[in-house]
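Working notes, structure below.
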Amino acid sequence: MAIASPSPPTISPSSFSCTRSDSPITTTRLTRFPSTHHHRFPPLRLTTITSSSNPRGVPPDKNNGDIPYELLHGFPPPQRRRRGGAPVYVTLPVEAVGSQAVQGRWLKVLAQSFRALLVAGVEGVVMEVWWGIVEMEQPRVYNWSGYLDLVALAKRCGLKVKAVLAFHQRGTEPNDPHWIPLPQWVLEEIDNNPDLVYSDRFGRRNMECISLGCDTLPVLRGRSPVQTYTDFMRNFKEVFRPYLGAVITGIQVGMGPAGELRYPSCSSQKLTWGRHLRELGEFQCYDKYMLASLNACAQKIGIREWGYGGPIGTGNLTNDPEHTEFFRSEDGAWNTPYGKFFLEWYSGMLLLHGERICREAENIFRGTQIYTSAKVAGIHWHYGTQSHPSELTAGYYNTLTRNGYLPIARIFARHEFTLCCNSFEMRDVKEKQLNPVSSPEGFLRQLLLAARVCGIPLEGENSAARLDDESYQQVLKMSKFYSDGLERPSFSFNLVRMDKNMFDNSNWISFTRFVKQMSDANIFRAKLDFGGDMDLWVTSDAAKAGMALAYC
């Protein structure tokens, strides 16, 4: 379905500035969650059930009348989570939606998978909506067909949907099996003006997303990037209006590489390696728009030489920070007047970008009965140092003496956004064996405390591709750290992501046990206890059916 949106209102580009307004914290009540690899398997026997003969209570699509469903044999009735617990969502495979509608065998496979998730007690699925697929060829011409199919299927199967609006590139190169670039017309504009994307001190361009330095400038065929994202969100709202609040209960708005509010200081592909990463990162401030802003700020304070580029003495990507002039603990330049000036500007530009996107999304989705969220990166591999270099290059001005996450939480609170972050399954005791200054738990505790202080709901995610029982217990532990003592905690967890291994018997048992623990409201009000007998009501039938899923 190609839909041309009306022409957007004209917005004059704002001048570069190094100041920003920062209104007081607005406390948001924690009541915003509604009740809410490519592999082959042996073929699964299916039965066709119409809505008039449906013994399992899967709701029909009222807009389409009686629709035949391809459901699994032998499932017990689905058990929904108890009120007060934390809902669990599962992120769909990247290949679930291509440039065309979801159809044929994939639709049957997803129907089977959705039924298995429902039986396990999962609240819903996370659907990534890619800018590079929807608005691929021409500006303001949108193709939502595949995503409409997915949402309609989730509705028929009784699952909720979180939509992630992804304004970034997926993968690192066209040979990547899950490669999704920016829209073709945007890439053409970048060819004409390479400064539309970020650049480091070596002149290396990062193609993952548009530079926030040109947020308000009409560089995309007469529209600014923020206008372009806003038009995309507005069209999404109009097309999916019948589902908003009932099926689609949440929307996560992309704000940078990997959808996270950060700079691409190192590639998102490397960030997925997590525990193997020790890179300091590179400051992304060398495109002409970022440099113009930096230069304007330096001139405003009367020190022009501070506006010619980023810091020197930052070392190579894999240097020990103590061997660099800028990041070392005792007399590093990060803690000098120049370092403070630069880091204030660099992080301030990121905060301003987040504020703009939050404001537009809040205005668009107000009154739709859905919650909006945004994601912060879990960068923890130099958390044990004084300067936190890998956080600084990503745009988080967080050091031993400064809280860089509280300003982000304040922005989210002002615009009633939920905060999303990964690394919930990671443990210090394991990470420090490979990197003594890494502390995923320390980082996450600081972020969760900022969320609690500002009164904003929370979404957790995992970083690793596969979770074991120990990892699930760590998720429960960190969930309780956020929720403990709150009268009405609002927490959900997104499992990233669904693949064939998830339905292997042992993995399925662990997952369903975890979902049941998350659904128990008492898990957040009492000491965590993972002993005792668990009623694994989904183990036999659901696991066997899951193992038989036939991915194309």
Item to check | Pairwise side-chain contact, Met136 with Pro183, heavy-atom cut-off 4.5 Å (strictly under) | outcome: no
Checklist entry - Is Asp499 salt-bridged to Arg466, cutoff N-O under 4.0 Å? => result yes
Checklist entry - Partners of Tyr383 by ring-ring contact (aromatic ring centres under 6.0 Å, His included), sequence neighbours excluded? => result His388
Checklist outcome for this item: Residues at least two apart in sequence or cross-chain that pass salt bridge (Lys or Arg N to Asp or Glu O under 4.0 Å) with Glu322, listed by chain then number, are none
Next on the checklist: Is the shortest side-chain heavy-atom distance between Phe511 and Phe503 below 4.5 Å?
Outcome noted: no
Item to check | Tyr396: partners by ring-ring contact (aromatic ring centres under 6.0 Å, His included), with sequence neighbours left out | outcome: Tyr405
Item to check | Any Asn462 side-chain heavy atom under 4.5 Å of Tyr472 side chain | outcome: no
Next on the checklist: Test salt bridge (charged side-chain N to carboxylate O under 4.0 Å, His left out) on Lys477 and Glu441; report intermediate values, then the result.
Outcome noted: CA-CA 10 Å; Lys477 173 185 173 182; Glu441 291 185 59; 3.3 Å; yes
Next on the checklist: Is any side-chain heavy atom of Arg204 closer than 4.5 Å to one of Glu282?
Outcome noted: yes
Item to check | Contacts of Phe114 that satisfy ring-ring contact (aromatic ring centres under 6.0 Å, His included) - sequence neighbours left out | outcome: none
Checklist outcome for this item: Applying salt bridge (Lys or Arg N to Asp or Glu O under 4.0 Å) to Arg497 and not counting sequence neighbours gives Glu128
Next on the checklist: Could you tell me if the side chain of Leu280 sits less than 4.5 Å from the side chain of Phe327, heavy atoms only?
Outcome noted: yes
Checklist outcome for this item: Residues at least two apart in sequence or cross-chain that pass side-chain contact (heavy atoms from CB on, under 4.5 Å) with Leu187, listed by chain then number, are Pro181, Leu182, Gln184, Ile190, Met207
